[in-house]
Every structure is written in C-alpha cells, then in structure tokens.
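The next block holds one structure in the form of structure tokens; read it before the comments.
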Amino acid sequence: MQAFIEDNVDEWLKNYDLSGKKQWGSREDRLMITAMPDFDTRGEDEDLVEWFQRTRDLEVDGEAGPKTRRQLITEYMALDGVRLKDEPDFEIDIQTHGAGENFPLEGTGFELDRQAANEKNDPFDRRVELFFFDAEFGVLPAPGPPDGPEYLEWRKSAAQNDDFPIEGIGKKATAIEFQDALFRTNSAVMLPEGETPSTDEHQAVTSVGLVATTLRFADERRGKKLFIAGHTDTTNTVDFNQLLSEERAKCALAVIEGDREAFVELVDARHTVGDYKQILSWCATAFPDIFSCHPGKIDDNEFTGIEPLKVFQTNYNDGREALGVKDAEALDVDGDIGPKTWGAIFDVYEFALRDELGEDATAVKALRQSLRFVDDERKALGFSEHHPVDQIGRDNVRSQSNRRVEVLFFDQGEEPDLVLAESDPDISEIYLPAEYVHVTLPPEVTAKRKGVALQLETTDGLRVPGIDFIAVMEDGSERTGTLDANGSATIKAIPGAKFQVEYQDHDKIRAHALAARLAQALDAQDHSAVAAVIARPRRMFDLIQGAIEQFFPRGDLIEEIRSVTRGTESEDSANYFLAGLGFGETPDDELVAFDEPTKGDSAVV
C-alpha cells in the first residue's frame with residue numbers, strides 16, 4: 001500500500017523477486033491487466049498479456065517481461081489519478097504496521113467483531129486502514145506488537161472516521177455448496193451422501209437434498225441467474241485439477257438439469273470403486289423396500305463389489321415400476337459397473353429427487369425449465385485448485401472441503417464475466433475479495449412445498465371457477481394458473497413470502513360468478529333470483545351459459561329456467577329476457593333486445 005501511494009514502481013517490482021507463496025507472478029499480471037479502463041476492448045479469445053502489449057505498442061510475445069511489467073505497474077498505479085510527487089507542497093511520512101488477524105470486523109464491515117470465530121474467511125477482514133497523525137507529534141502511541149492495544153487506542157482517539165467500502169463488495173453471490181466429502185480424490189462422481197472415505201461414517205447432507213434446494217431456490221427467485229463452479233484440492237498439477245474440476249461441475253449440472261446421458265458419460269470415465277460401493281450403501285439404506293445391495297465396508301476393493309452390484313442390478317430390474325422407469329431397459333446381472341448400470345444409478349437419483357421435492361416427474365421438469373443461467377454457453381466451469389476454502393496457500397493437501405462444487409446465484413446486473421473465468425480461472429472476479437460477498441445457503445430441512453391456496457368468491461360466498469390468474473412474487477417473478485371447478489388453485493410459493501394475485505379478464509369473472517349464482521338459484525327453485533341473473537345482454541349471457549355447461553352441468557338450461565319461473569310472478573319477465581336473447585318469442589310476439597347490463601352487478605368478488 002505504501003508503494004502504491006508513493007507510486008513506487010521499483011518497490012512493486014521487487015515482489016516478483018520474492019520466494020514461495022509471497023512471490024508475484026502471472027496471476028498478479030493478469031489481475032492488473034483486467035483493471036485497465038480499456039480492458040473491455042480485448043477480444044474474447046485474445047491472451048491478456050498479448051492484448052496489453054499490443055495496445056501499448058510493446059513487443060507482443062505473450063511474456064510479461066521487465067518492460068511489460070514496468071508499463072503495467074505504472075498504469076495500474078495511475079488509476080487513482082493522484083501522484084504525490086506532483087504535489088511539492090504536500091509532504092507525508094508513511095509508517096507501516098501489520099496487525100495480523102487480531103482485529104476482525106463485523107459483517108457490516110465497519111465495527112470490530114468482539115466474538116469472531118477462528119478460520120473465518122471474510123473479505124471485510126482483509127483490509128488496509130490509514131491513520132493520520134499530527135506531523136509534530138507523530139504516531140501516538142507508537143506501534144507495538146501485532147496484537148497490542150495501540151491499534152485500539154488509534155481507533156478510539158480518532159477525531160474523524162471515514163469508512164470507504166471497496167467498490168464492488170456490495171455484490172452478492174448466493175452459494176449452495178456441494179461439498180462435505182461428496183467427491184472423492186480423482187473422481188467426478190457426485191456422491192448421493194457425505195461420507196468419510198473408507199469408513200462407514202455417514203453424514204446428514206445429501207447431494208439430492210442440495211439439488212432439490214437448488215431447484216426450489218431457482219424457481220422461487222426467478223430474478224436470479226445461476227452458474228456452477230467446480231473445485232479440487234491441491235494433490236495434483238494445476239492442469240490435471242483443471243480438467244477434474246470441470247468434470248465435477250458438469251456432473252453436478254447433469255444432475256440438476258436431469259441430463260442422464262451426460263451424467264453417465266462423465267462418471268463412467270472417472271470414478272472409483274469406493275464411489276459405487278457408497279452409492280449401493282445409500283440405495284439400500286434410503287430405499288430398503290426396493291434395494292438390498294449393501295456392500296458392507298466401503299473401500300476400493302473391486303472384488304468385494306461384484307456381488308453387491310449383481311444384487312443392485314437385480315433389484316433395479318424388479319423395481320423399475322416403483323422407481324418410475326418401468327419402460328427402462330433391464331440390466332445384465334453381471335456385477336460389472338458400466339454405462340447401463342450408471343444410467344440405472346441416475347434413475348435412482350431422480351427417484352430420490354422427486355421424493356425430496358414431493359413432486360412428480362412433470363413438476364420436476366417444470367422446475368428445471370425455470371432455471372436461468374448467467375451464460376448458457378458456460379453453465380458450468382472448473383476452477384482447478386485456485387480457490388480453496390481449507391488450508392489456503394498449501395500445496396499437496398488432501399482436503400474434502402476443497403473437493404467441491406458450488407452453485408452460485410447472482411442478481412440481475414451483477415453477473416460475473418464468465419469469459420474471463422473460462423480463460424483465466426485463477427483471477428476470476430467471482431473469488432476476488434473486493435468483488436463479491438459469498439453467502440452460503442444451507443440445504444433446506446425439506447424441499448417439499450405444501451403450497452398456498454387461492455380462492456375467488458362472490459360477495460355472497462359463491463366460488464368462481466375457471467379464471468386465469470397471475471401471482472406476482474416479492475422478487476417480481478410470476479406464477480400463472482387457472483382456478484379449478486371449485487374456484488380454487490394452489491401455488492408453490494416461498495413459505496411466509498408476500499405476493500399479489502392479479503386477475504385479468506373481469507368480464508369472465510363476472511360471467512362465471514353469475515353462472516354460480518344462477519346454478520344456486522335453479523337448485524333452490526328461486527324464480528326471482530333466476531330472473532335477476534338472466535337479465536343480461538346476449539354476449540354476457542353466452543358467457544354465463546358456457547360457464548354453466550362447463551362447471552355447473554345440468555340438462556336443458558333454457559327449459560330449466562322456464563320451469564322454475566313458470567306460473568310465478570317472474571314468468572313474463574323471464575320469457576321477455578329469453579326472447580330478447582334469442583330464445584323464443586315474447587308473449588305479445590314482439591322480440592325485445594337488451595343491450596345494457598343491469599346496474600349494480602359488477603361487485604361480484
């Protein structure tokens with residue numbers, strides 16, 4: 001920070017000469033390049049360094065050598081628009097102090113967190129603060145150890161506090177994390193449940209529950225767009241881990257989208273014996289009425305997996321109807337894991353997902369169709385080992401937490417640059433501390449939705465059927481539907497969320513409400529109520545008659561109306577109305593047409 005304030009290019013260049021994890025390299029080069037104000041002119045597939053060299057009339061060789069780096073650092077330091085050396089009357093003596101991890105901030109980013117948890121990954125804690133002291137007295141009290149009380153004294157005695165949140169930190173990425181041992185080392189298989197490898201210690205989290213949470217969250221917040229990111233630990237090379245992380249992300253995508261073929265291709269190509277043994281254990285435990293294929297100890301001994309696989313294959317063949325895939329091809333009972341058996345495993349995942357959601361296959365398909373991605377060409381990408389959450393900065397570390405997939409949701413207008421993430425995953429803005437706050441969404445206790453019941457009634461309590469409606473949710477997304485024959489409908493909404501229901505066709509509402517009233521009057525043999533309802537213009541009466549035929553079926557409507565009013569004080573009135581509507585003649589053989597509705601009949605709901 002001192003070098004940046006002083007525009008000391010030479011001091012910054014020294015960072016490239018350090019050793020170990022502190023040494024700067026290509027990542028720092030590319031991060032500074034992406035900050036250039038004209039970076040958006042770069043071609044989609046153009047190398048970052050080559051773009052910078054080309055646009056600065058430097059030798060274009062793709063190597064960030066001394067000349068390129070000096071030019072880059074000089075431009076980067078000029079982004080603040082201030083050069084102290086150009087202000088001869090402004091003298092400043094800079095003294096630095098490192099406080100380590102000793103003074104974390106609360107989630108607001110301003111107040112100190114007095115009860116901070118250890119190993120907390122919080123972008124607000126990675127910060128620099130500038131304290132200004134009177135030049136005559138200098139820094140008081142003088143800096144002490146990193147955890148000394150001096151820092152607290154500086155904050156306390158400050159006459160003026162100016163907090164400047166870093167631009168971009170307000171953007172939020174809501175994350176659903178597929179981790180907790182859901183992926184084994186060197187495997188693309190998204191396991192159905194968490195387990196400590198090579199033991200029988202099962203965890204509560206399930207990938208099916210996470211997929212269900214993803215589908216519900218996407219459906220209930222349709223203004224958000226999603227993206228899937230795959231990660232690995234650091235037990236292999238960056239290039240090896242890049243491919244593996246991509247395969248993990250695509251495997252999760254296949255399960256989320258219901259792509260059986262893609263799932264089979266991915267997991268058949270990269271899996272372990274322990275993977276399918278664990279899946280067989282899950283099948284037998286989760287669905288004992290269908291499967292009895294528990295493999296015993298979960299390990300990578302292929303021989304002891306043959307018989308459990310045969311049992312699974314037999315169970316699947318016998319249970320296809322119960323699984324909802326009665327027309328699926330039967331498996332060969334050969335104890336061999338292959339594409340067909342992996343396809344059967346996918347069918348069990350689907351069965352479990354429907355059960356988790358409490359929906360049938362049609363409803364699950366509708367949930368999937370509501371998914372909106374940040375970039376349809378880059379729905380899932382790999383980030384190799386670049387962004388760990390456990391033991392950050394250490395190589396050759398086996399970590400279950402780092403072997404993960406994240407489903408990330410972004411608000412409209414806050415979507416990340418996935419072109420850059422694809423070409424340079426290590427510098428993607430998604431994981432830069434100054435860009436996004438990551439909020440982890442816990443898996444739901446249940447993804448089942450009982451729904452919210454809608455009812456439309458007349459002022460006297462009669463249900464109005466067959467009306468189209470739009471339910472506008474808090475986030476602006478919409479649910480559409482039609483009230484059933486009982487004037488009711490159920491929408492799957494976020495529990496406790498507010499929403500507004502809109503009905504568009506008010507003439508239809510009016511007609512169907514009058515149809516309900518007419519049916520009630522006919523059943524009650526109430527001649528005066530019948531006469532009052534039918535006193536409508538032909539167009540409205542046609543709608544009433546259509547609703548009667550669809551929702552309140554009876555015999556010949558016109559004859560029933562005449563039967564109820566015959567011999568009553570309403571008989572002549574009813575006959576006049578019917579004749580005017582084209583049903584028969586008036587008593588004096590003169591046709592009467594009624595073009596205007598009776599006043600006072602519009603307030604029906």
Side-chain angles (χ1 to χ4, degrees), residues 181-195 197-200 202-203 206-209 211-212 247-248 250-357 360-361 364:
L182 293 178
F183 293 92
R184 276 187 168 80
T185 299
N186 194 24
S187 173
V189 178
M190 189 178 74
L191 297 170
E193 61 185 345
E195 180 182 8
S198 302
T199 76
D200 294 325
H202 293 257
Q203 310 296 323
T206 68
S207 59
V208 170
V211 172
E247 291 175 353
R248 285 176 175 165
K250 289 177 180 178
C251 181
L253 174 65
V255 178
I256 290 171
E257 289 195 309
D259 190 336
R260 190 179 195 262
E261 183 178 345
F263 173 86
V264 170
E265 182 179 351
L266 286 161
V267 300
D268 188 51
R270 195 194 291 260
H271 64 267
T272 69
V273 174
D275 286 333
Y276 62 76
K277 280 189 175 181
Q278 186 174 334
I279 292 171
L280 299 184
S281 169
W282 169 72
C283 289
T285 303
F287 309 110
D289 294 340
I290 303 175
F291 294 101
S292 57
C293 53
H294 200 293
K297 184 177 181 180
I298 298 172
D299 55 23
D300 287 320
N301 186 331
E302 187 174 2
F303 178 75
T304 58
I306 294 175
E307 288 305 316
L309 270 176
K310 288 182 178 180
V311 175
F312 171 83
Q313 290 163 339
T314 300
N315 293 158
Y316 175 81
N317 290 341
D318 295 340
R320 283 174 291 172
E321 184 169 359
L323 292 169
V325 288
K326 64 179 181 179
D327 296 328
E329 182 181 356
L331 300 176
D332 295 330
V333 183
D334 55 10
D336 181 36
I337 189 75
K340 289 184 178 180
T341 301
W342 280 118
I345 288 171
F346 181 86
D347 293 340
V348 182
Y349 278 28
E350 287 287 281
F351 175 72
L353 179 61
R354 294 194 297 272
D355 181 67
E356 186 78 24
L357 289 165
D360 59 20
V364 174

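Sequential numbering from 1 along the given sequence is applied to the chain's residues.
Aromatic pair Tyr349/Trp282: centroids less than 6.0 angstrom apart.
Between the side chain of Asp299 and the main chain of Asn301, a donor-acceptor pair closer than 3.5 Å is present. Using a distance-only test at 3.5 Å, with no hydrogens or angles considered, no donor-acceptor pair links the side chain of Arg260 to the main chain of Val255. Judged by distance alone, the side chain of Arg354 and the main-chain N or O of Leu323 form a donor-acceptor pair under 3.5 Å. Side chain of Asp275 to main chain of Ser187: no donor-acceptor pair is present (N/O by atom type, distance under 3.5 Å, no hydrogens or angles).
For the atom pair Glu247 CD and Glu265 CD, the distance stands at 9.5 Å (nearest 0.5 Å). Atom-to-atom distance recorded for Phe263:CZ and Asp268:CG is 10.5 Å, nearest 0.5 angstrom. Atom-to-atom distance recorded for Leu309:CG and Ile337:CD1 is 5.0 Å, nearest 0.5 angstrom. Between the CZ atom of Arg320 and the CD1 atom of Ile290 there is a distance of 13.0 Å, given to the nearest 0.5 Å. Atom CG of Asp347 and atom OG1 of Thr341 lie 11.0 Å apart (nearest 0.5 Å). Atom NZ of Lys277 and atom CG of Leu191 lie 14.0 Å apart (nearest 0.5 Å).
For the pair Cys251 and Leu266, the tightest heavy-atom approach, listed with the atom from each and the gap, is N-CD1, 3.5 Å. Pairing each heavy atom of Ala254 with each of Ala262, the nearest pair is CB-CB, 4.1 Å. In terms of heavy-atom proximity, Cys293 sits nearest to Asn315 at N-OD1, 3.9 Å. Residues Gly258 and Phe346 share a closest heavy-atom pair of C-CZ, 3.6 Å. Contact detail for Ala344 and Leu331: the closest heavy-atom pair is CB-CD1, 3.7 Å.
Evaluation of the ring-ring contact (aromatic ring centres under 6.0 Å, His included) test over residues 308-331, restricted to residues two or more places apart or in two chains, returns Phe291-Phe312.
A side-chain contact (heavy atoms from CB on, under 4.5 Å) with Met190 holds for exactly one of Val267, Val211, Leu253; it is Val211.
In this structure, a donor-acceptor pair under 3.5 Å is absent between the side chains of Thr314 and Asn317. Checked by atom type, the side-chain pair Ser281/His294 shows a donor-acceptor distance below 3.5 Å. Side chains of Lys297 and Thr304: no donor on one and acceptor on the other come within 3.5 Å.
For the pair Glu302 and Asp300, the minimum side-chain heavy-atom distance is 4.5 Å or more. Two residues are said to be in side-chain contact when any heavy atoms from C-beta on lie closer than 4.5 Å; Tyr276 and Ile298 fail this criterion.
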Item checked: Worked check of salt bridge (Lys or Arg N to Asp or Glu O under 4.0 Å) between Glu307 and Lys310 -> CA-CA 5 Å; Glu307 288 305 316; Lys310 288 182 178 180; 3.5 Å; yes
Checklist line | side-chain hydrogen bond (donor to acceptor under 3.5 Å, both in side chains) assessment of Gln313 paired with Asp334 | finding: CA-CA 8 Å; Gln313 290 163 339; Asp334 55 10; 3.2 Å; yes
Margin query: What verdict does the side chain to side chain contact (heavy atoms under 4.5 Å, CB included) test give for Ile279 and Trp342, after you've listed the backbone C-alpha separation in whole Å, the side-chain angles of each residue and the deciding distance to 0.1 Å?
Written below: CA-CA 10 Å; Ile279 292 171; Trp342 280 118; 3.7 Å; yes
